[in-house]
Amino acid sequence: MHIVLDRSGATVGAIRLDDAGAVIDERTIPADDLVDFVRTAEAESPRWVWNDTRAWYPRLLAAGVRVSRCVDLQLSHRIVRMSTLTAESDLARALPGPWDTAPELDEEPERRHTALFEFEVDGAEAHASPLDEFRAQSNAVAACAEPGRIRLLLAAESAGALIASEMRFAGLPYSVARHDALLTGLLGPRPLAGARPAALEQLLLEIRDALESPTLNPDSPPELLRALQRVGLMATSTRSWELRELEHTVIEPLLQYKKLSRLLTANGWAWLDAWIVDGRFRPDYVPGGVVTGRWATRGGGALQLPRHVRGAVVADPGWKLVVADAAQLEPRILTGLSGDTAMAEAGRGKDLYEGIVASGAVDERAHAKVAMLGAMYGATTGESGRLLPRLTRAFPRAVRLVEEAARAGERGEIVTSRLGRSSPKPGPSWLAAQSVASGAESTDADERRARSQARDWGRFTRNFVVQASAAEWALCWMAGLRNRLTELAPSARIGEGPHLVYFLHDEVIVHAPASLAERTAEAVVDSAAEAGRLLFGGFPVEFPVTAAVVDDYAQAK
DNA sequence: CACGGGTGCGCG
DNA sequence: AAAGCGCGCACCCGTG
């Protein structure tokens, strides 16, 4: 059963549909009664259909109401609109409408400090009927050749939207005291606003002294570069890895300065003030925020939390963190996509890269890793490029799959993930460059530029099939895990039983009562295996996950 | 002064 | 150890 919700002003329309999509009940509810309505109806486990999870769910969560399933029409629309699997549908062939323009939710005040905010439906969208859109999507899916794939994708994407709201609601348990201690240890005591911490001040003096530039601002790359060249250092950029190669007394303090300066500006006291409230980090997750279907975040840099501050992520007393990481996810995804049985064998029961070494393809684990990454990213030079022929000989099917995705992209074609997310078409300037180069009047420069852009786009599509399919696996993993966690503590509200608090592409953290931590770890492993079956059926590719039960994030691996 | 591109670096 | 995918964010600096 589905219940379609449609807000207009102070009321909400609720339309109940049976499994054939026929209306069985229709009513109008005062917006104030929505929470009670949902709470009651949730007992029947409907799939809630709404335009945008972020516009509906936070208020329900705040009122203690959790829903088990939904259709996020916004997210689903983007997938169905773009997918090659549904390309013949009315929805895909229609002119752009309100569901296409639909809003990057623009600035909402006080977004950062509350989980309770909601977005108002704006004018254009108020007229877009969720029921019509839901039917258009259902028709598009039902009519396509392999409805199972895209149906699973839409369910997983929508589950991800629920999880994102729930994770923000619960928040990542975060110790201000530990983070502050780390900052103080490295930088010195917190300075007054605008002042430089003692450690940075000291390093600045050393740098200026070593470069004989008493007013140098090392934060300015052009200025720094000139100063380095003045003392005879042949740097071409100020990147750390390049500076590391140089020999001069300035290098050590300079590298240290860059490191600490980065810590201060990205995750310093200001970040702590802005993002950690009541011992919780609540980043704004954006499901589907990346073309490949990965999540993005807005504000707080939640997906770039540096490894060396992770000790500040601390379980509450009596609770544990279950930190889980999918091992070599993308190569395993490629294994499943290509049906490469040799690579599946290499990944069976062990580290995939070690398995590649054991197969005799390469000599050491580091080589296996760099060769695999190079194959998936399109490296042509360096060690990775040199190892590719050996990889190809050992695993021809896997390598062929990414090569074909690259060739398709170079021709300007679309590629599609395992469950049906399709890559965008190249833009007008790309097409123009190709057509100029193939014209009769083209110059060598035109052709070089077109070839280079074609290869760039080929690297994008090469990686797209893997990264997008990996993102789908991760969504299925989390959705399955969420269900299992609910079973472990059926009546608990979010935050009372084990619940997801963090997601980082191929890694999750569950905050769990200590008594349920071990069973949570089992759920993590079982969900990973289930996700593998959902994507690849009986094909014997394994998806091992490490699940560590710890008190703080730094203790994991 | 606002804005956007460039640089550099954090994450997978 | 570096160059090849996807991001977000802080900062600098040139432009309008």
Side-chain angles (χ1 to χ4, degrees), chain A residues 216-226 235-245 254-255 257-268 270-271 274-275 283-310 324-331 333-334 364 366-367 369-388 402-403 405-406 409 415 417 421 423-424 452 455-471 473-474 502-508 553 557:
Chain A
L216 173 72
N217 173 14
D219 297 329
S220 165
E223 221 183 295
L224 178 57
L225 196 57
R226 277 195 301 273
T236 58
S237 81
T238 63
R239 287 190 278 267
S240 292
W241 65 261
E242 186 170 343
L243 298 180
R244 211 162 287 134
E245 301 307 302
L254 184 53
L255 290 174
Y257 177 92
K258 280 172 162 284
K259 193 166 186 60
L260 293 180
S261 173
R262 165 81 193 183
L263 174 64
L264 176 69
T265 56
N267 298 100
W271 176 85
W275 289 100
D284 186 9
Y285 293 101
V286 186
V290 177
V291 275
T292 57
R294 278 186 172 184
W295 289 14
T297 57
R298 218 171 339 188
L303 304 184
Q304 297 113 265
L305 197 66
R307 299 185 81 88
H308 60 275
V309 309
R310 293 182 177 181
D325 180 299
Q328 306 97 39
L329 177 59
E330 292 198 346
I333 290 293
L334 175 55
E364 49 182 287
H367 286 169
K369 182 172 180 176
V370 81
M372 275 307 306
L373 292 177
M376 293 186 298
Y377 293 163
T380 53
T381 61
E383 178 141 47
S384 181
R386 283 195 297 281
L387 289 166
L388 187 60
V402 285
E403 290 295 332
V415 296
S417 69
R421 193 184 306 265
S423 64
S452 154
R455 277 194 296 263
D456 289 348
W457 198 258
R459 285 195 302 276
F460 166 61
T461 53
R462 168 196 294 269
N463 185 250
F464 182 95
V465 292
V466 178
Q467 191 183 118
S469 302
W473 181 91
Y502 193 60
F503 172 47
L504 188 52
H505 308 314
D506 59 0
E507 190 174 331
V508 298
Y553 193 9
K557 71 179 164 189

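The shown structure was predicted, so the numbers you read here are calculated from the model rather than taken from an experiment. By convention in this document, chain letters (A, B, ...) are assigned in the order of the sequence lines, proteins followed by strands, and residues within each chain are numbered from 1.
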Contact summary for Ala405(A) and Arg462(A), nearest pair of heavy atoms: CB-CA, 3.9 Å
What about [X]: does its side chain form a donor-acceptor pair under 3.5 Å with the base of [N]?
| X | N | value |
| --- | --- | --- |
| Gln304(A) | dG8(C) | yes |
| Arg294(A) | dG12(B) | yes |
| Arg262(A) | dC9(B) | yes |

Nearest-nucleotide comparison on DNA chain C, the residue closer to the 5′ end among Leu373(A) and Ala366(A):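 Its nucleotide being nearer the 5' end, the pick is Ala366(A).
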Hey, which sits more toward the 5' end of DNA chain C by its nearest nucleotide, Ala296(A) or Asp219(A)? Ala296(A)
Any side-chain N or O of [X] below 4.0 angstrom from OP1/OP2 of [N]?
| X | N | answer |
| --- | --- | --- |
| Lys258(A) | dG8(B) | no |
| Thr238(A) | dG8(B) | yes |
| Asn217(A) | dC12(C) | yes |
| Ser220(A) | dC13(C) | yes |
| Ser240(A) | dC9(B) | yes |

Using the side-chain heavy atoms of [X], tell me which of these nucleotides is nearest: [options].
| X | options | result |
| --- | --- | --- |
| Gln467(A) | dC11(C), dC5(C), dC7(C) | dC5(C) |
| Leu504(A) | dC7(C), dG4(C), dG12(B) | dG12(B) |
| Thr381(A) | dA3(C), dG6(C), dC11(B) | dA3(C) |

Separation of [X] atom [atom1] from [N] atom [atom2], in whole Å?
| X | N | atom1 | atom2 | value |
| --- | --- | --- | --- | --- |
| Asn463(A) | dG12(B) | CG | P | 16 Å |
| Met372(A) | dA2(C) | CE | P | 22 Å |
| Tyr502(A) | dC11(B) | OH | C1' | 8 Å |
| Glu330(A) | dG4(C) | CD | P | 18 Å |
| Leu334(A) | dC5(C) | CG | P | 17 Å |
| Leu264(A) | dC11(C) | CG | C1' | 12 Å |
| Trp241(A) | dC9(B) | CH2 | P | 10 Å |
| Met376(A) | dG4(C) | CE | P | 16 Å |

I need the Ser417(A) OG to Gln467(A) CD distance, nearest 0.5 Å.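 Here the interatomic distance stands at 11.5 Å.
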Atom CG in Leu387(A), atom NZ in Lys369(A): separation rounded to 0.5 Å?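 Output value for this atom pair is 14.5 Å.
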Side chains of Asp456(A) and Ser452(A), heavy atoms from C-beta outward: is any pair under 4.5 Å?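 Counting from C-beta outward, Asp456(A) and Ser452(A) do come under 4.5 Å.
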Is the shortest side-chain heavy-atom distance between Leu373(A) and Ser384(A) below 4.5 Å?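 No, every pair of side-chain atoms sits at 4.5 Å or beyond.
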Between Arg294(A) and Glu330(A), is there a salt bridge with N-O shorter than 4.0 Å? yes
Under 4.0 Å, heavy atoms only, any strand: does [X] hit a base, just the sugar-phosphate, or nothing?
| X | answer |
| --- | --- |
| Val466(A) | nothing |
| Arg307(A) | sugar-phosphate |
| Glu383(A) | base |
| Thr297(A) | sugar-phosphate |
| Leu305(A) | sugar-phosphate |
| Arg244(A) | nothing |
| Gly300(A) | sugar-phosphate |
| Glu242(A) | nothing |
| Asn267(A) | nothing |

Before giving the answer on side chain to side chain contact (heavy atoms under 4.5 Å, CB included), spell out for Thr297(A) and Asp284(A) the whole-Å C-alpha distance, their side-chain angles and the decisive distance to 0.1 Å. CA-CA 5 Å; Thr297(A) 57; Asp284(A) 186 9; 5.8 Å; no
Using Watson-Crick or G-U wobble geometry with both distances under 3.5 Å, which nucleotide pairs with dC1(B)? dG16(C)
